[in-house]
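Heavy-atom basis, side chains included; hydrogens, waters and symmetry copies ignored. What you see is a predicted model, and the numbers here were worked out from it, not measured in a lab. Chain identifiers are assigned alphabetically (A, B, ...) following the order of the sequence lines, protein sequences preceding nucleic acid strands; residue numbering begins at 1 within each chain.
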There are 2 protein chains.
Amino acid sequence: MTENPSPRLFPIVNADVALFTLDDALRLRVLLIQRANRPDPGGWALPGGLLKPDRDDSLEAAARRVLADKTRVELPYLEQVATFSGPHRDPRGWSVSTLFYALLPADQVPAVAGSKTESIAWVDPEAPGRALGFDHGLMLPRALATLRAKVRDGALPLHLLPSHFTLTELQKASEAILGRPLDKAAFRRQLKSSGDLAAVPDLFVRGAQRPAQVYERAAGYRFGDGHVRNDT
Amino acid sequence: MTENPSPRLFPIVNADVALFTLDDALRLRVLLIQRANRPDPGGWALPGGLLKPDRDDSLEAAARRVLADKTRVELPYLEQVATFSGPHRDPRGWSVSTLFYALLPADQVPAVAGSKTESIAWVDPEAPGRALGFDHGLMLPRALATLRAKVRDGALPLHLLPSHFTLTELQKASEAILGRPLDKAAFRRQLKSSGDLAAVPDLFVRGAQRPAQVYERAAGYRFGDGHVRNDT
DNA sequence: GCCCCTTAGTGTCAAAGAGCAACTAAGTGA
DNA sequence: TCACTTAGTTGCTCTTTGACACTAAGGGGC
C-alpha cells in the first residue's frame, strides 16, 4: 500500500461500519473485527478501511466495499452516522473517518465469516467487553444512538429481519434496538394505522399455539427516508 | 496553495457551513458567499474551505476557522450535519466535504462582512434564488432538515437570539425554523414544564402594550445535547 | 383623564395518543 | 378433553396537544 506522501497536508480518509444484527435470542449484536494489519494488529475494532478514490464512488460505496471484503456480506442497509476527525485518533496521522451503521437480516448472520487472518465477534453494543481501537469506543454509542433515534421516531427495523416476518418478531427487533419492552397492543395499533405493512394472505407461522400471521413490507415503505446523499 | 500531489489516492477534504440567523423581520436566513477563487469564481456557495491539518484540530475547528476567515464572526454554535463525497462533486477531483450548520444570534448579523474580494448574501434557505456551486444545492436542504428535526424534538434555538429574550421572540425563532406557526399557549406550557428557561427578575421589554418578561437560559440547559465528538 | 389598540400571558375544553390490563382466539401436546 | 402457550383485540385511564377564548397591562390619541 502506498504511503501518504504528505500526511501534514492530506489527511487519511476512511470509512467505518457498525454492522448490527440479531442473534438467535433476538438480542442486538454488533460486529467487531480483530485487526490483522497496522496499526494496532491484534486489537478489536469496528470493520473499516481506507477510502480508495480509484475504486470507490462515494464514502458509502467505500463502506460497502470494506464490509464485503471483510465479511463476504453484500448489500446490507447502510446509513451515515457522523464523521470523526483529528490529528491523533489514528496513529498514522491526521485522519478523517466517516461512520456508518448497517443492518443485516438475522437469517444472513451465518454468511459472515472472518478471513484467514482476521477473526470476528458479535457483541452486545452496549457492553462490547473489549477495549476498541482508535476512537471506536466513541463511535459505537453514536451509531447505536442514531439507530435508536430512528426507531423511536417510528421507523421499522425491517432490515434486521427476513423479507417475511411476524409482528411479534418485528416487535422483538424494535425492543432489541431500543433496549426496553414495548406494549403489544400499542405497537400493533400503530402499525395498523400506518399502513406500512401488508399481511401475506394465507401465510402463517405455526407452532404449539395460535398461528401467527406473516407480514411483509407494504409497497411504498422505506426505512431510510432521510437519505444519505453523495455526489450528483 | 499546494497542489494535491496524488489526487487519485488522496481525496480533497473540506468543511462547509450553513450559517443560519434571523433577519429584522425574524425570518430565517442563511449565508451565501460569492466565490473569489478557483474553482467556480463568481459562483455562489455556502462558505467552506479546505481542511488544513497543520492548523486544524478537527473538522469542526476547520469549519470554525473558515467561518472566521470569511465573515469575521467567531464562535457561533456549530453542529455536524453529514459528509458528502464523490469523484465529481468538486472539479478538482475526488473530494470529501463535511457539512455543518451554525447558528448566529440575530444581534450579531451586522458583524458579518465580506472580504475585499468576496461578497455575501443572506437568503431564504428554502428559496436561495441562485444556483449554488458544487453540490451545495443538496447540502442546504439537508442542513435545514437537521436543524428542523432538532427544534421539532423540542430543542430551543437560543443560539439565534441574544442571551436575553422574550418568549414571543423565542417563539418567532422556532416558527422561522420550522416554517409554520406555533400555538402560543402550547408553546409556553412546554417551556414552563421543562424548566429550561429562567425569568430574569424585574426585567421587562416595554412597548406600546403590556410589558414582556425577559428570560434567559436556565443553568443546565444546552441546545446541543447530542454532541459532535472528534478526536480523543 | 378616558378609551382604544396592541401585545403579553392564562384558562378551558376536546381530540388524540400512550400505557396498562383484561380478555378472546387458535393451535399443540399430554 | 384439557392445560398451556402465544396471537391478537378490546376497553379504559391518564397525559399530551391543539384550538380558542379570555384576561392583563401598557402606550398613545383625543
Side-chain angles (χ1 to χ4, degrees), chain A residues 22 24-26 148-156 161-162 164-216 218, chain B residues 22 24-27 106 148-156 161-162 164-216 218:
Chain A
L22 300 174
D24 311 318
L26 295 184
R148 277 192 173 158
K150 193 135 188 169
V151 173
R152 193 169 39 234
D153 281 356
L156 303 175
L161 298 174
H164 291 67
F165 51 86
T166 68
L167 293 190
T168 300
E169 288 165 354
L170 180 56
Q171 185 179 340
K172 293 286 182 202
S174 296
E175 290 173 341
I177 291 171
L178 295 174
R180 68 182 160 90
L182 298 174
D183 180 70
K184 183 168 55 162
F187 187 75
R188 294 164 111 97
R189 250 183 322 216
Q190 264 180 239
L191 289 179
K192 280 269 169 66
S193 69
S194 75
D196 291 334
L197 298 185
V200 180
D202 302 321
L203 191 49
F204 294 85
V205 169
R206 315 178 72 83
Q209 68 279 98
R210 172 171 176 176
Q213 172 69 58
V214 170
Y215 285 80
E216 65 185 356
Chain B
L22 300 174
D24 311 318
L26 295 184
R27 291 172 305 190
R148 277 191 175 159
K150 192 136 190 169
V151 172
R152 194 169 38 235
D153 281 355
L156 304 174
L161 299 173
H164 292 67
F165 49 87
T166 67
L167 294 191
T168 299
E169 287 165 354
L170 181 55
Q171 184 180 342
K172 292 289 182 202
S174 296
E175 290 174 341
I177 292 171
L178 294 175
R180 65 180 160 92
L182 298 174
D183 180 71
K184 185 167 54 161
F187 187 75
R188 294 165 112 96
R189 247 186 324 217
Q190 261 178 243
L191 289 179
K192 280 270 169 65
S193 70
S194 73
D196 290 335
L197 297 184
V200 180
D202 301 321
L203 191 49
F204 295 84
V205 168
R206 315 180 71 83
Q209 67 281 93
R210 174 173 176 175
Q213 171 69 57
V214 170
Y215 285 80
E216 63 186 354

Engineer: Base, backbone or nothing for each nucleotide of nucleotides 17-30 of chain C, written B, S, -, heavy atoms under 4.0 angstrom, 5' to 3'?
Structural biologist: --BBB---BBBS--
Engineer: Between CD of B:Q171 and CZ of B:F165, what distance do you get to the nearest 0.5 Å?
Structural biologist: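 Atom-to-atom, B:Q171:CD and B:F165:CZ are 13.0 Å apart.
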Engineer: Give the rounded distance in Å between these two atoms: CZ of B:R188 and P of D:dT17.
Structural biologist: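 My rounded result for the distance is 17 Å.
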Engineer: OP1 or OP2 of C:dG9 less than 4.0 angstrom from a side-chain nitrogen or oxygen of B:K192, does that happen here?
Structural biologist: no
Engineer: For residues 178-192 of chain B, run the donor-acceptor check on the side chains, cut-off 3.5 Å, and write out each pair with its distance to 0.1 Å, sequence neighbours left out.
Structural biologist:
unit_1: B:D183; atom_1: OD2; unit_2: B:A185; atom_2: N; d: 3.2
unit_1: B:D183; atom_1: OD2; unit_2: B:A186; atom_2: N; d: 3.0

Engineer: With heavy-atom distances below 4.5 Å as the criterion, would you say the side chains of B:F204 and B:Q213 are in contact?
Structural biologist: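 In short, these two side chains touch, coming nearer than 4.5 Å.
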Engineer: Report the distance from atom CD of B:Q171 to atom P of D:dG18, rounded to the nearest whole Å.
Structural biologist: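 From B:Q171 CD to D:dG18 P: 12 Å.
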Engineer: Could you tell me how far apart B:R152 (CZ) and D:dT17 (C1') are, to the nearest whole angstrom?
Structural biologist: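 Interatomic distance, CZ of B:R152 to C1' of D:dT17: 16 Å.
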Engineer: Is a side-chain N or O of B:E216 found less than 3.5 angstrom from the main chain of B:A198, in a donor-acceptor match?
Structural biologist: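 It does not hold such a pair.
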Engineer: With heavy atoms under 4.0 Å as the rule, sort B:T166 into base, sugar-phosphate or nothing.
Structural biologist: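 Result for B:T166 = nothing.
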Engineer: How long is the line joining CD of B:Q213 and C1' of D:dA24, in whole Å?
Structural biologist: 14 Å
Engineer: Tell me the interatomic distance from A:F165, atom CZ, to D:dA7, atom C1', rounded to whole angstroms.
Structural biologist: 16 Å
Engineer: In whole angstroms, how far is the P atom of C:dA8 from the NZ atom of B:K172?
Structural biologist: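 B:K172 atom NZ is separated from C:dA8 atom P by 8 Å.
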Engineer: Can you check whether A:I177's main-chain N or O pairs, donor with acceptor, with A:R148's side chain at less than 3.5 Å?
Structural biologist: yes
Engineer: Can you tell me how far C1' of D:dG8 sits from CZ of A:F204, to the nearest Å?
Structural biologist: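 Whole-Å distance recorded here is 11 Å.
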Engineer: At what distance, to the nearest 0.5 angstrom, does CG of B:D24 lie from CZ of B:R27?
Structural biologist: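 Those atoms lie 8.5 Å apart.
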Engineer: Grab the CG-P distance between B:L182 and D:dC20 for me, whole Å please.
Structural biologist: 15 Å
